[in-house]
2 protein chains.
Amino acid sequence: MKHTRRSESVASQRGEGETTTTPAEPADRERARAIPEAAVARLAVYLRVLSGMADQGVTAVSSEELSQAAGVNAAKLRKDLSYIGSYGTRGVGYDVEVLVSHIERILGLTRNHSVAVVGIGNLGHALANYGGFPGRGFPVTALFDVDDDLVGIPVGGIPVNHIDEITAICVEREVSIGVIATPPPAAQSVCDRLVSAGVQCILNFAPVVLQVPDNVEVRKVDLAVEMQILSFHVARRADEAASVSVGNNGLGVDGMVIRP
Amino acid sequence: MKHTRRSESVASQRGEGETTTTPAEPADRERARAIPEAAVARLAVYLRVLSGMADQGVTAVSSEELSQAAGVNAAKLRKDLSYIGSYGTRGVGYDVEVLVSHIERILGLTRNHSVAVVGIGNLGHALANYGGFPGRGFPVTALFDVDDDLVGIPVGGIPVNHIDEITAICVEREVSIGVIATPPPAAQSVCDRLVSAGVQCILNFAPVVLQVPDNVEVRKVDLAVEMQILSFHVARRADEAASVSVGNNGLGVDGMVIRP
DNA sequence: CCGACTTTGTGCATGCGTTCACAAGCGGTA
DNA sequence: TACCGCTTGTGAACGCATGCACAAAGTCGG
């Protein structure tokens, strides 16, 4: 199901062993480090659902309600929330706003994360026009492309820069997240440039496996892979239907008639 | 990576569709059912890497080489491949073409999967223009939108239809995969219509948790969630850097000097 | 103030996925 | 032919994530 796991042995590289004698809220840091990757992804989903509820004036919610809206098991939801602390009230549920603010804090959404999009083709346009990305907190502050005809033209309110300026501009605008929406052959080179510009988080839309140093976090969104996973399920369904129809009752999966 | 090791003997095993479309092999079905979801996702990646190698004239590859190119552990790769059968040669490695054809077969890429895209906004345009999706086998055969101004206009070679025609057209064109690229509020309704049109696989780009019957497979691509996961890692890094610099040694994370 | 009811938080068991390590098997070589 | 080195395939151990089930802890009505 889920994507790149690049945090393979990051923990052991750092000084994992010593107890952090930090003054300011050491609990948060240890907690943040301990949250499973899968749970982080779900927390983001809970956050969106909760935000929607808050907009509709809902102030309190139980784990049961929230879990249904988020499409997960109630117990799993409670465990996920427990990773960030105990902010519920037994017998009552959770305060929506309290939960929102705590999830935002854990996900690091209290600060803004400046985003740069590289490759202003169809997809790049779409991304730039999203306008600060769904759910504020991710302002797109820089766009890059190799095509000179595009340079200077504003897309989604931001002028496109030539890719050669990537290092200077990323440093200047403190870009913390780079989005790669280039054709496959350019992706690795663009990635290298982003990394050397100090960008440590990359979202990659190019169907290429990027090679990066350990300290850089890559997440990939791969349409071809998604389609092929779906294709696999189509095929599996077809096979199952075929198996079933050996002892045929005229009905395939979920009651649809199989035509001869 | 070694280039062009000719091994014609093995290549001849593959009769381009004849031998691969084996007459009712029940082992395949049980195997396909047993393949872990995570492994399926990786198989799609291996497939792409292998296709690239084949295009460059590489005919044989070892698990070590392939695993590096795909960015995974070598043992994991071998286990993944073992799910689909034993098609390697000990002491030598794998024949690229043989592997390609077997992975394609398991992923169900031997047949074409007709795709419908719903919601022809920025993202919908980008998707339609991908043109049959990277790596053939997924022809986009239908586009839908609510906007009457868009209806009839061809995008990526296919005219846009009004969403009310979704059921008829999906059935007629045997759409097996539906892609939802609508604004969030419309997503669930579109999803319901796709399902009632018999579409059993859905790729959802809308930031909404879709409710579907058990027999429908949904995969979601959620930009906001991806960004927030990256944000989490940024925050975690910042915290770690802060922790380390308490007992300061002049070095921050991964050896970069922290300026005073 | 008490008891009944509701919902959280979590220890524990279970299952899945990853990793290790090595025997089995194959090609090349003398 | 017999041996040697290389690579696959996989049994087994490990670790992580999920789901269950229940005690703890709170609210509400009387």
Side-chain angles (χ1 to χ4, degrees), chain A residues 1-12 16 27 31 33-43 45-46 50 59-96 98-99 102-103 229, chain B residues 1-2 5-10 13 27 31 33-43 45-46 50 59-96 98-99 102-103 229:
Chain A
M1 63 141 255
K2 286 308 141 73
H3 292 167
T4 315
R5 285 277 217 76
R6 190 140 278 290
S7 51
E8 305 221 312
S9 60
V10 182
S12 55
E16 181 70 56
R31 246 200 269 277
R33 212 169 302 174
I35 302 178
E37 186 89 6
V40 173
R42 286 191 298 268
L43 283 171
V45 174
Y46 306 153
L50 286 165
T59 58
V61 67
S62 72
S63 63
E64 187 60 39
E65 294 167 326
L66 183 52
S67 71
Q68 276 207 325
V72 301
N73 185 297
K76 194 191 291 186
L77 178 133
R78 288 201 299 274
K79 181 144 292 197
D80 288 344
L81 292 182
S82 79
Y83 289 129
I84 66 173
S86 301
Y87 302 111
T89 308
R90 297 174 190 227
V92 178
Y94 301 89
D95 181 282
V96 173
V98 169
L99 223 44
H102 278 109
I103 296 178
I229 294 171
Chain B
M1 179 189 313
K2 292 135 200 156
R5 275 191 279 161
R6 288 276 161 204
S7 54
E8 297 158 59
S9 52
V10 193
Q13 286 179 6
R31 245 200 271 276
R33 213 167 304 173
I35 302 179
E37 187 87 5
V40 174
R42 287 190 298 269
L43 282 171
V45 175
Y46 305 155
L50 286 165
T59 59
V61 68
S62 72
S63 64
E64 186 60 39
E65 293 167 326
L66 183 52
S67 70
Q68 276 208 326
V72 301
N73 184 298
K76 193 192 290 187
L77 178 132
R78 288 202 299 274
K79 178 140 289 196
D80 288 344
L81 292 182
S82 78
Y83 290 130
I84 66 174
S86 301
Y87 301 113
T89 308
R90 293 171 192 233
V92 178
Y94 301 90
D95 181 282
V96 173
V98 168
L99 223 44
H102 278 109
I103 295 178
I229 294 172

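All values derive from a computational prediction rather than experimental measurement. Chain letters run A, B, ... following the sequence lines, proteins first, then strands; residues in each count from 1.
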- Which whole-number value in Å describes the distance from E37(A) CD to dT18(C) P? 14 Å
- Would you say a side-chain N or O of Y94(B) is under 4.0 Å from OP1 or OP2 of dG9(D)? yes
- Would you kindly give the CG-to-C1' distance between D95(A) and dT7(C), to the nearest whole Å? 15 Å
- Query: When the distance from CG of L77(B) to C1' of dT8(D) is rounded to whole Å, what number comes out?
  - Reply: 11 Å
- Task: Choose from dG17(C), dT8(D), dC20(C) the nucleotide whose nearest atom is closest to any side-chain atom of S63(B).
- Result: dT8(D)
- Query: Roughly, in whole Å, what's the span from CD1 in I84(B) to C1' in dG9(D)?
  - Reply: 13 Å
- Considering only dT18(C), dT27(D), dT8(C), which nucleotide approaches the side chain of V92(A) most closely? dT27(D)
- Among the candidates dT19(C), dT8(C), dT18(D), find the nucleotide nearest to the side-chain atoms of K76(A). dT18(D)
- Message: Can you tell me whether the side chain of K79(A) and the base of dG19(D) have a donor-acceptor pair closer than 3.5 Å?
- Response: yes
- Should N73(A) be listed as having a side-chain N or O under 4.0 Å from OP1 or OP2 of dA17(D)? no
- Message: Measure CG/L99(B) against C1'/dT7(D) and give the value in whole Å, please.
- Response: 14 Å
- Query: Can you tell me how far P of dG9(C) sits from NE2 of H102(A), to the nearest Å?
  - Reply: 12 Å
- Expressed in angstrom and rounded to an integer, what is the separation of R78(A) atom CZ from dA24(D) atom C1'? 13 Å
- Message: Counting only side-chain nitrogens and oxygens, does R42(A) get under 4.0 Å of the OP1 or OP2 atom of dT18(D)?
- Response: yes
- Task: With DNA chain C as reference, determine whether L81(A) or G91(A) sits nearer its 5' end, using the nearest nucleotide of each.
- Result: G91(A)
- Rounded to the nearest 0.5 Å, how far apart are CD of Q68(B) and CG of N73(B)? 11.0 Å
- Item | Options dT8(C), dC20(C), dG26(D), nucleotide nearest the side-chain atoms of T89(A) | dG26(D)
- So, do I35(A) and D80(A) sit near enough that their side-chain heavy atoms are less than 4.5 Å apart? no
- In whole angstrom, what separates E64(B)'s CD from dT8(D)'s P? 9 Å
- Message: Before you tell me yes or no, could you show the steps for E65(A) and Y94(A) under side-chain contact (heavy atoms from CB on, under 4.5 Å), namely the whole-Å CA-CA distance, both residues' side-chain angles and the distance that decides it to 0.1 Å?
- Response: CA-CA 10 Å; E65(A) 294 167 326; Y94(A) 301 89; over 6 Å; no
- Query: Hey, are the side chains of E37(A) and I229(B) touching, using non-hydrogen atoms and a 4.5 Å cut-off?
  - Reply: yes
- Task: Could you check if a side-chain atom of V72(B) sits within less than 4.5 angstrom of a side-chain atom of L66(B), using non-hydrogen atoms only?
- Result: no
- Message: Quick check: any donor-acceptor pair below 3.5 Å linking the side-chain of R90(A) to the base of dT7(C)?
- Response: no
